[in-house]
Amino acid sequence: MDMKKRVSLELRHRSPSEVQELVLDNCRSSEGKIEGITEEFSNLELLSLINVGLTSVADIPKLAKLKKLELSDNRISGGLEVLAERLVNLTHLNLSGNKFKDISTLEPLKKLPQLKSLDLFNCEVTNLADYRESIFKLLPQLTYLDGYDIDDCEASDSEGEGDGVDDEDEEGEEGESEDFEEEEEEDEEDVVAEEDDEDDDSGDEDGEVNGDVDSEEEDDDEDEEDDEDSSPAKGEKRKRDPEDEDDDDDDE
């Protein structure tokens, strides 16, 4: 897919000024030049053009808010002056896998005062003697070269990579995430409490039912005992009252 078409797809019905990150990796540039990106992308903070066949960055527009530029795995060998002129707030630049052979081709980067991280992996320039010392001397504003500082301490993900997102935004997102997790925990506790209450209510109902049944059974047993006490025992004859016998004699 060519670069212009890819830019149109990545807009997703937004205006260029609404876009903060634009990733065009693995599309095809025409004649090794940047296409479809204009100064209308005024709020762009991250631009990724990895493996798009670039041989020149001469057509990159002025992007005052751009912080991170990914240009790895292209065929760029020089012409970095335009970056210093048009990307004045650039902090992270990845030129890995390009055709830089001499330290001198990187001199224009001295004019990028905000540049903190530079990557040159798999460029011929990295094979030069005292390569790291020379770069740090040439670009004193750098903190990290190829992911390590001047003392060979590795950069953290946030410092070495950068993502074009402000720290305040990240903290806000983390705070929202923590609030959401707390709400979920509270909801789970409420559900557990409700289930416990339901179990208690169910136990009370069972107890009441069992108590009623036991009471009814006890009443039935008492009634049966009363009946047995009031009725004559089996095999016994009812004794006749003597007065009843006298009455029978008079009748005769």
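The analysis underlying the following values was restricted to heavy atoms, covering all of them including side chains, and did not include hydrogens, waters or symmetry mates.
- In this structure, the side chains of Cys27 and Met3 come closer than 4.5 Å at one or more pairs of heavy atoms.
- Within a 6.0 Å radius of CD in Glu40, other residues, nucleotides and ligands contribute 12 heavy atoms or fewer.
- Cluster annotation: Ile60 is not connected to Val88 through the hydrophobic network of ILVMFWY side chains, with a link wherever side-chain heavy atoms come within less than 4.5 Å.
- With hydrogens and angles ignored, the 3.5 Å screen pairs a side-chain donor or acceptor of Thr91 with a backbone N or O of Lys67.
- For the pair Arg28 and Gly53, the tightest heavy-atom approach, listed with the atom from each and the gap, is NH2-N, 4.0 Å.
- Nearest heavy-atom pair across Thr143 and Phe136 is O-CE2, 4.0 Å.
- Using a 4.5 Å heavy-atom threshold, the side chains of Phe41 and Leu66 count as separate.
- Distance check: Leu109 CG to Leu90 CG gives 8.5 Å after rounding to the nearest 0.5 Å.
- The closest donor-acceptor contact from the side chain of Ser29 to the backbone of Val52 lies under 3.5 Å.
- Between the NZ atom of Lys101 and the CG atom of Leu128 there is a distance of 11.5 Å, given to the nearest 0.5 Å.
- Cluster membership check: Leu46 does not share its hydrophobic cluster with Ile34, using side-chain heavy-atom separations under 4.5 Å among Ile, Leu, Val, Met, Phe, Trp and Tyr.
- Ser48 and Asp25 share a donor-acceptor pair across their side chains, judged by distance under 3.5 Å alone.
- Closest approach of Met1 and Arg6 over heavy atoms only: SD-CA, 3.8 Å.
- Side-chain atoms of Arg86 do not come within 3.5 Å of backbone N or O of Asp59 as any donor-acceptor pair.
- Side chain of Asn74 to main chain of Leu54: a donor-acceptor pair is present (N/O by atom type, distance under 3.5 Å, no hydrogens or angles).
- In the hydrophobic clustering of this structure, Ile135 groups with Leu69; members are Ile, Leu, Val, Met, Phe, Trp, Tyr whose side-chain heavy atoms approach within less than 4.5 Å, directly or through other members.
- Under a 3.5 Å cut-off, the side chain of Asp149 and the backbone N or O of Cys153 do form a donor-acceptor pair.
- Here the CG atom belonging to Leu145 is positioned 7.5 Å from the CG atom belonging to Asp119, to the nearest 0.5 angstrom.
- A donor-acceptor contact shorter than 3.5 Å is absent between the side chain of Glu10 and the backbone of Glu21.
- Taking hydrophobic clusters as Ile, Leu, Val, Met, Phe, Trp and Tyr residues chained together by side-chain heavy-atom distances below 4.5 Å, Leu95 shares a cluster with Val82.
- Side-chain contact annotation: Asn89 with Gln114, donor-acceptor N/O pair under 3.5 Å absent.
- If you take NZ on Lys99 and CD on Glu124, they are separated by 7.5 Å, rounding to the nearest 0.5 Å.
- In terms of modelled atom types and a separation under 3.5 Å, the side chain of Arg132 and the main chain of Tyr148 share a donor-acceptor contact.
- Across all their heavy atoms, Ser42 and Ser17 have their closest contact at OG-CB, 3.9 Å.
- At a cut-off of 3.5 Å, with distance as the only test, no side-chain donor of Asp102 or Ser104 sits close to an acceptor on the other residue.
- Distance CD/Glu70 to CG/Leu47: 9.5 Å, rounded to 0.5 Å.
- Distance CG/Asn51 to CZ/Arg75: 10.0 Å, rounded to 0.5 Å.
- Between Lys110 and Leu139, the closest side-chain pair of non-hydrogen atoms falls below 4.5 Å.
- In terms of hydrophobic clustering, with Ile, Leu, Val, Met, Phe, Trp and Tyr side chains grouped at heavy-atom distances under 4.5 Å, Tyr144 and Leu106 are assigned to different clusters.
- Closest approach of Leu112 to Leu87, counting heavy atoms only: CD2-O, 3.1 Å.
- Formation of a donor-acceptor pair under 3.5 Å by the Thr126 side chain with backbone atoms of Asn122 is not found in this model.
- Here the closest non-hydrogen pair linking Phe121 and Asp146 is CZ-O, 3.2 Å.
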Passes salt bridge (Lys or Arg N to Asp or Glu O under 4.0 Å), Lys137 versus Glu133? Steps please.
-> CA-CA 6 Å; Lys137 184 178 180 180; Glu133 292 80 357; over 6 Å; no

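- Under a 3.5 Å cut-off, the side chain of Asn98 and the backbone N or O of Phe100 do not form any donor-acceptor pair.
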Going through the distances and angles, do Leu24 and Ile37 end up as a side chain to side chain contact (heavy atoms under 4.5 Å, CB included)?
-> CA-CA 11 Å; Leu24 306 174; Ile37 304 172; 3.8 Å; yes

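- Taking 4.0 Å as the cut-off between side-chain N and carboxylate O, Glu35 and Lys33 do not count as a salt-bridged pair.
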